[in-house]
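Predicted, not measured: the structure shown is a model, and the values here were computed from it.
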Amino acid sequence: MGQTDGGMMNPGDAIPAVTVTGADGAPLALGALGGPLVIYFYPKDDTSGCTKEAQDFTALAGDFAAAGVRVIGLSRDTPASHAKFAAKHGLTVELASDPDAAAAEAFGVWGERKLYGRTYMGVERSTFLFGSDGRLAQAWRKVRLPGHADAVLAAARAL
């Protein structure tokens with residue numbers, strides 16, 4: 001079932017040892033990736049905010065690569081959905097699937113959300129930056145998009 005305590009990530013915490021599904025359908029063990037690494041959680045493929053966020057990270061992909069930082073976007077959508085999303089919007093950012101929300105729970109971003117008066121379980125748009133030691137350097141919660149990818153890149157360059 002994964003973590004149920006809402007595992008709030010704090011600076012210095014290691015990358016949670018959870019496995020998600022990579023774009024190629026193969027298991028991707030987050031804890032084994034090391035760093036520097038950016039993991040960003042987003043609610044759903046091909047919705048306006050999520051598309052803008054993925055486009056912003058894609059636009060800076062070369063800069064993140066030059067800084068030696070891997071960027072992975074995570075949602076509950078399937079690898080097939082990610083492939084369609086990436087093709088439709090020309091995305092090059094790496095997308096991975098967290099179908100059972102195990103990673104979202106481990107990072108403390110899965111929980112009750114409200115939208116238009118309706119309550120449901122969902123992902124809080126959040127970003128996590130891990131240093132080369134695989135430890136959390138900075139976290140952004142309840143992300144607002146304008147300038148967000150730039151702020152993450154600036155923090156990654158400062159590692």
>> Let me check something: do L145 and F85 share a hydrophobic cluster, defined by ILVMFWY side-chain heavy atoms less than 4.5 Å apart, either directly or through other members?
In response: yes
Mind listing the side-chain donor-acceptor pairs of residues 25-42 below 3.5 Å, one per line with the distance, residues two or more places apart or on another chain?
{"from": "Y42", "atom 1": "OH", "to": "D45", "atom 2": "OD1", "distance (Å)": "2.5"}
{"from": "Y42", "atom 1": "OH", "to": "H82", "atom 2": "ND1", "distance (Å)": "3.3"}

Determine all donor-acceptor pairs shorter than 3.5 Å in which one atom belongs to a side chain in residues 54-73; sequence neighbours excluded.
{"from": "D56", "atom 1": "OD1", "to": "K52", "atom 2": "NZ", "distance (Å)": "2.7"}
{"from": "T58", "atom 1": "OG1", "to": "A54", "atom 2": "O", "distance (Å)": "2.9"}
{"from": "T58", "atom 1": "OG1", "to": "T92", "atom 2": "N", "distance (Å)": "3.2"}
{"from": "T58", "atom 1": "OG1", "to": "V93", "atom 2": "N", "distance (Å)": "3.3"}
{"from": "D63", "atom 1": "OD1", "to": "R157", "atom 2": "NH2", "distance (Å)": "3.4"}
{"from": "R70", "atom 1": "NE", "to": "E94", "atom 2": "OE1", "distance (Å)": "2.9"}
{"from": "R70", "atom 1": "NH2", "to": "E94", "atom 2": "OE1", "distance (Å)": "3.4"}
{"from": "R70", "atom 1": "NH2", "to": "E94", "atom 2": "OE2", "distance (Å)": "2.8"}

> Does a side-chain heavy-atom distance below 4.5 Å link F107 with E105?
Replying inline: no
> Looking at side-chain heavy atoms only, is the closest gap between W110 and M121 below 4.5 Å?
Replying inline: yes
> Do side-chain atoms of S75 reach the backbone of D77 as a donor and acceptor pair under 3.5 angstrom?
Replying inline: yes
> For the atom pair CH2 (W140) and CZ (R125), what is the distance rounded to the nearest 0.5 Å?
Replying inline: 15.0 Å
>> Taking the basic N atoms (NZ, or NE/NH1/NH2) and the acidic carboxylate oxygens, is any pair closer than 4.0 Å for D13 and R135?
In response: no
> How close do G131 and A137 get, heavy atom to heavy atom, and via which atoms?
Replying inline: N-CB, 4.3 Å
>> Would you say that D46 contacts T51 through its side chain, given a criterion of any heavy-atom pair below 4.5 Å between the two side chains?
In response: yes
>> Side-chain heavy atoms nearer than 4.5 Å, only ILVMFWY residues, links allowed to pass through others: does that put L153 and F128 together?
In response: no
> If you look at every heavy atom in M9 and P16, which pair is closest and at what distance?
Replying inline: SD-CG, 3.7 Å
>> Looking at every heavy atom in both H148 and R144, which two are closest together, and how far apart are they?
In response: CB-O, 3.5 Å
> Can you name the nearest heavy-atom pair linking L159 to F130, along with the distance?
Replying inline: CD1-O, 4.0 Å
> Where do C50 and P43 come nearest, in terms of heavy atoms and distance?
Replying inline: SG-CD, 3.4 Å
> So how far is it from T119 OG1 to E112 CD, rounded to the nearest 0.5 Å?
Replying inline: 5.5 Å
> Do side-chain atoms of D98 reach the backbone of A104 as a donor and acceptor pair under 3.5 angstrom?
Replying inline: yes
> Is the shortest heavy-atom distance from the side chain of R141 to the side chain of S126 under 4.5 Å?
Replying inline: yes
> What's the shortest heavy-atom distance between P79 and T21, and which atoms?
Replying inline: CG-CG2, 3.8 Å
>> Side chains of E53 and T127, heavy atoms from C-beta outward: is any pair under 4.5 Å?
In response: yes
